[in-house]
Amino acid sequence: MTEGLGSWKRTHTCGALRAADAGTTVTLMGWAHRRRDHGGLIFLDLRDRTGLTQCVFNPAASAAAHGRAEAVRGEFVLAVRGAVARRPDGTLNPKLATGEIEVHASELRILNEARALPFPIEDEVEVDELVRLQYRYLDLRRPSLYRNFALRDAVCRAVRDHLHGHGFLEVETPFLTRSTPEGARDFLVPSRLSPGSFYALPQSPQLFKQLLMVAGFERYFQIVRCFRDEDLRKDRQPEFTQIDIETSFLGRDDFLALVEGMVAEVLRRVHGVEVAAPFPRLTYGEALARYGSDKPDTRYGLELADVTALFRGAAFQAFARVVEAGGVVKALRVPGAGGLSRKEADDLVTAARSYGAKGLVWVKVTPEGLASPVAKFLEPVRPALLEALGAGVGDLVLLVGDAMPTAALVLGRLRSDLAQRRGLVPTAGYALLWIVDFPMFEWSEAERRWQAMHHPFTAPRDEDLPLLEGRPAEALAKAYDLVLNGQEIGGGSIRIHQQAIQQKVFELLGIGKDEARAKFGFLLDALEFGAPPMGGIAFGLDRLVAILAGEESIREVIAFPKTQKGSDPMTEAPAPVSPAQLRELGIGVLDLGKDR
RNA sequence: GGGCUCGUGGUGCAGCCUGGUUAGCACACUGGACUGUCAAUCCAGAGGUCGCGGGUUCAAGUCCCGUCGAGCCCGCCA
């Protein structure tokens, strides 16, 4: 019953025809979106990626075409030939771009049939994500999802055009490379030619892009897949895409200006939005103090306050001891939230604990005074506390006493939880923000050693170089993150381009001379052969596109994403391989059984 | 590694708390009717290992334990 295209050529897409086309004979191709069979007349909405066109089959006009249309079912692939006609008065459909016209079909070819679908091809149908992923090729037929990929394409094109226009070269770097210490868990690939040895898939092209700068390429970029074997989230996939950029001979501010131009170009081209450059900047210390986050959403207020001084030697022992030990007391005033129930208050305490706080003090400001489990201890500082926060009757005040940065981070997360729950987050608009002056190192209590906050190749600020001897905790880095609406969309730094400083940083990170030589020898060598000053950034493309598309999850902007367990329900990857394949690679699989 | 939520015809859900008729509804699907619909309408029909395994009970979709899968979160993600 199905047939080929023959000599037919598609003349128009299904989203193209307008009233002005009335009278032309056209050939459309696409999928049978919906069929309305009136016994005599059959209406058939033909869909391609551009839209819908109503085709009318009239037995009086063409009995053959009408006969074939009777057999058409959902998602059959069709070619329709006929004359464009203005729709009769009263039958125009304002919901369709093509709603002023219809095609009076004279010929119909059924190019392929389709089984009954597991779910309808419609926007806003709620289908279990597992089923969507099993039939992803059907899921992707939904117009809203197609739009996400058109948007993703437009973002990539804007990035490429902008960077090419500024002298950048797109260069590919290896996927099969070597495992490096620090950072995320590596995906490993066994080597057949060197049994027992493994490649690692890159967590990012970090080292290679620096080597391209040593090579004198000056301006490099790549839209490139990166791999990290960590647990998944709605904004984290094991393979994801970065816009990776590196430049030579640019200081931090010149580089940031260049990046701002690119981001502005993207927003202009995909959304027609003009953003003002330079973007606002906040130091890491300020962001932490004011918002309790290194990626604050500045579209709403709810800033934190520091009330440490009020609790020094205070009656409230829990806080007094924290202050004594060098900790801080941070406060968050939530205007008009004083009406929360006991359960809501308890939930806040539970959340605060899960975020790492030892506890959370909540205070309702009522006409009768303070309502709180610890109200009587707070009474002595009540006037000072209310004044410091500008709090009044009806407000809720949250207090966390702890070491920095814990106290601020806990309140920062409660701040964003509460803003969301109370509907304070604007749904439109873009708040772009640079966070700068990150610390070079953070202390890992678990490993009892310093860790690089950004990565081990990040340069310290010139004025902080001396701090590397003895006071590394105070050294700040030439690192920067770009934050969009409270999400980190990019991060980078000016790199160390002098071997001696790189060696010193490795030392502080507990990477000994021999280990550094063994794992990064090629980089250390390169730094001795005339490395230019360099710096760069990497954007999380998936996150950026998800935000621009208004999607919660990056899975909505990745064509074939993985589930939270890292599997693909369609291909059923990962899957076991044959013993022969393993033998060839010199690999045996351990039986880890129940209790590994 | 841990916490929470979910799993019932193809899809989305109800039934579970308080065990006991033939597991119900909507959409999709199949057949029929219908010449202006656009979520077409009307009539009829088919379709279920209630994720899987075990237990309690006279009796389990329902209660208990385990397990698998999905989602969200904590840890993790330089």
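Chain naming here is simple, since letters A, B, ... match the order of the sequence lines and numbering starts at 1 in each.
Within the 3.5 Å criterion, the main-chain N or O of Cys14(A) finds a donor-acceptor partner in the side chain of Thr53(A). A donor-acceptor pair is defined here as one N or O able to donate and one able to accept, closer than 3.5 Å; such a pair exists between the side chain of Thr98(A) and the backbone of Leu52(A). Distance alone, capped at 3.5 Å, places no donor-acceptor pair between the Arg47(A) side chain and the His33(A) backbone.
Applying the side-chain contact (heavy atoms from CB on, under 4.5 Å) test to Glu107(A) and every residue at least two apart in sequence or in another chain returns Trp8(A), Arg81(A). Applying the side-chain hydrogen bond (donor to acceptor under 3.5 Å, both in side chains) test to Arg141(A) and every residue at least two apart in sequence or in another chain returns Glu75(A). Legend: residues meeting side-chain hydrogen bond (donor to acceptor under 3.5 Å, both in side chains) with Arg236(A), ordered by chain and number and at least two apart, are absent. Scanning for side-chain hydrogen bond (donor to acceptor under 3.5 Å, both in side chains) contacts around Arg413(A) gives an empty result, with sequence neighbours left out. By the side-chain contact (heavy atoms from CB on, under 4.5 Å) test, Asn93(A) is found to be paired with Arg87(A), Lys95(A), Leu96(A), residues two or more places apart in sequence or in another chain being considered. Partners of Glu239(A) by side-chain hydrogen bond (donor to acceptor under 3.5 Å, both in side chains), not counting sequence neighbours, listed by chain and number: Arg225(A), Lys562(A).
Nucleotides U62(B) and C17(B), compared at atom C1', are 10 Å apart to the nearest Å. On the C1' atoms, A26(B) is 15 Å away from G47(B), given to the nearest whole Å. Atom C1' of G36(B) sits at a distance of 43 Å from the matching atom of U22(B), rounded to the whole Å. To the nearest whole angstrom, the two P atoms, one in U49(B) and one in U11(B), are 11 Å apart. Distance check on atom C1': C52(B) versus A60(B) gives 16 Å, rounded to whole Å. Taking atom P in both G20(B) and G24(B), the straight-line distance is 14 Å, to the nearest Å. Spacing of C1' atoms, G66(B) relative to A59(B), comes out at 23 Å, to the nearest Å. Across C38(B) and G32(B), the matching P atoms stand 22 Å from one another, rounded to whole Å.
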Would you list the protein and nucleotides 43-49 of chain B atom pairs, both N or O, that sit under 3.5 Å from each other?
none

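The base-pairing partner of C63(B), taking Watson-Crick or G-U wobble contacts with both distances under 3.5 Å, is G55(B). The nucleotide C16(B) finds no pairing partner, because no Watson-Crick or G-U wobble arrangement with both distances shorter than 3.5 Å includes it. Under the Watson-Crick or G-U wobble criterion, with both distances below 3.5 Å, A26(B) is paired with U11(B). In this structure G31(B) sits in a base pair with C43(B), meeting the Watson-Crick or G-U test at under 3.5 Å.
The nearest whole Å value for the distance from the CG atom in Asp186(A) to the C1' atom in C77(B) is 12 Å. Taking atom CG of residue Asp542(A) and atom C1' of nucleotide C77(B), one finds them 15 Å apart after rounding to whole Å. Atom CD1 in Ile121(A) sits roughly 12 Å away from atom C1' in A28(B) (whole-Å rounding). Regarding Glu75(A), its CD atom lies at a distance of 14 Å from the C1' atom of C29(B), rounded to whole Å. At whole-Å resolution of the value, CE in Met570(A) and P in G69(B) are 19 Å apart. Taking atom CG of Leu133(A) as the reference point, atom P of G69(B) lies 15 Å away to the nearest angstrom. Straight-line distance from the CG atom of Asp231(A) to the C1' atom of G1(B): 9 Å, rounded to whole Å. Here C73(B) presents its C1' atom at 10 Å from CG of Asp417(A), a figure rounded to the nearest Å.
Under a 4.0 Å N-O distance rule, the pair Arg147(A)/Glu551(A) does not qualify as a salt bridge. Between Glu507(A) and Lys504(A) a salt bridge is recorded (basic side-chain N to carboxylate O distance below 4.0 Å). Taking the charged nitrogens against the carboxylate oxygens, Asp481(A) and Lys295(A) have no contact shorter than 4.0 Å, which rules out a salt bridge. Checked for salt-bridge contact, Lys330(A) and Asp402(A) miss the test: no charged N lies under 4.0 Å from a carboxylate O.
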List the protein contact pattern of nucleotides 36-42 of chain B with one symbol per nucleotide (5' to 3'): B for base contact, S for sugar-phosphate-only contact, - for none; contact means a heavy-atom distance under 4.0 Å. BBBSB--
Do nucleotides 2-13 of chain B as a string where each nucleotide becomes B, S or -: B if the base has a protein heavy atom under 4.0 Å, S if just the sugar-phosphate does, - if no protein is that close. --------SSS-
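Distances shorter than 4.0 Å separate none of the side-chain N or O atoms of Thr350(A) from OP1 or OP2 on C74(B). For Arg233(A), no side-chain nitrogen or oxygen approaches OP1 or OP2 of C76(B) to under 4.0 Å. Residue Arg353(A) has no polar side-chain atom (N or O) positioned under 4.0 Å from OP1 or OP2 of C73(B).
Residue contacts shown for Thr458(A) are absent, as no nucleic acid heavy atom lies under 4.0 Å away.
Heavy-atom distances to RNA chain B give each of Gly40(A) and Gly74(A) a nearest nucleotide, and the one nearer the 5′ end belongs to Gly74(A).
Distance from the side chain of Lys234(A) is smallest for C72(B) among the nucleotides A70(B), C72(B), C29(B). Side-chain proximity of Glu230(A) to G69(B), C73(B), C76(B): nearest is C76(B).
The base of C29(B) has none of its N or O atoms less than 3.5 Å from a complementary donor or acceptor on the side chain of Arg115(A).
The aromatic rings of Tyr137(A) and Tyr135(A) sit perpendicular to each other, their planes meeting at more than 60°, with 30° as the lower class boundary.
Every pair passing salt bridge (Lys or Arg N to Asp or Glu O under 4.0 Å) that includes a residue from residues 198-212 of chain A is listed here, sequence neighbours excluded: Lys209(A)-Asp244(A), Lys209(A)-Glu246(A). Note on residues 42-69 of chain A: pairs passing ring pair (Phe, Tyr, Trp, His ring centres under 6.0 Å), not counting sequence neighbours, are His38(A)-Phe43(A).
Only Arg555(A), Thr563(A), Gln564(A), listed by number, bring a heavy atom of residues 551-564 of chain A to less than 4.0 angstrom from any atom of RNA chain B.
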